[in-house]
Amino acid sequence: MFNDGASVLEVALRDISPAGARIAGAELTGLPSTFELRIPDGLGGYSARRALVVWCKGAAAGLTFIDEG
């Protein structure tokens with residue numbers, strides 16, 4: 001989620017750790033350098049983390065979390 005909640009991009013979460021994550025998706029070139037990554041919890045809710053794009057290659061990107069999480 002970015003643009004103050006006005007824009008959403010669906011991605012697949014490939015890896016996650018306390019420090020960051022790797023995502024995959026078709027339109028990652030339009031991803032801003034920082035955004036809110038929302039991860040569904042399976043119960044209708046989600047957890048949210050502020051993320052910074054560290055690298056982006058093709059349909060994959062590496063993120064580092066920039067919040068206290």
Side-chain angles (χ1 to χ4, degrees):
M1 178 172 285
F2 52 100
N3 289 339
D4 294 320
S7 299
V8 175
L9 181 64
E10 294 286 330
V11 299
L13 183 63
R14 296 294 183 211
D15 295 304
I16 190 165
S17 73
R22 183 171 58 97
I23 59 172
E27 301 178 32
L28 296 183
T29 56
L31 198 60
S33 61
T34 61
F35 62 94
E36 182 178 81
L37 179 65
R38 290 187 172 187
I39 304 166
D41 64 9
L43 302 172
Y46 61 88
S47 63
R49 299 290 306 267
R50 292 291 307 161
L52 171 71
V53 177
V54 178
W55 60 267
C56 187
K57 184 175 181 183
L63 314 174
T64 188
F65 296 131
I66 54 175
D67 57 9
E68 296 297 318

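All residue numbers in this chain count up from 1 along the given sequence.
Under the 4.5 Å side-chain heavy-atom criterion for ILVMFWY residues, no single connected hydrophobic cluster contains both Y46 and L9. Cluster membership check: V54 does not share its hydrophobic cluster with F35, using side-chain heavy-atom separations under 4.5 Å among Ile, Leu, Val, Met, Phe, Trp and Tyr.
Within the 4.5 Å cutoff, no side-chain heavy atoms of L52 are placed close to those of L63. L28 is not listed as a side-chain neighbour of V53, based on a closest heavy-atom distance of 4.5 Å or more.
For the pair S17 and F65, the tightest heavy-atom approach, listed with the atom from each and the gap, is O-CE1, 3.4 Å. Nearest heavy atoms, A21 versus L37: CB-CD2, 4.4 Å. In this structure, T64 and A19 approach most closely via the heavy-atom pair OG1-O, 3.3 Å. Across E36 and R50, no two heavy atoms sit closer than the pair N-NH1, 3.4 Å.
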Stepwise side-chain contact (heavy atoms from CB on, under 4.5 Å) test for I16 and I39: CA-CA 11 Å; I16 190 165; I39 304 166; 3.5 Å; yes
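To the nearest 0.5 Å, atom CZ of residue R49 and atom CG of residue D67 are 4.0 Å apart.
Residues D15 and R22 are paired through a salt bridge, judged by an N-O separation under 4.0 Å between the basic side chain and the carboxylate.
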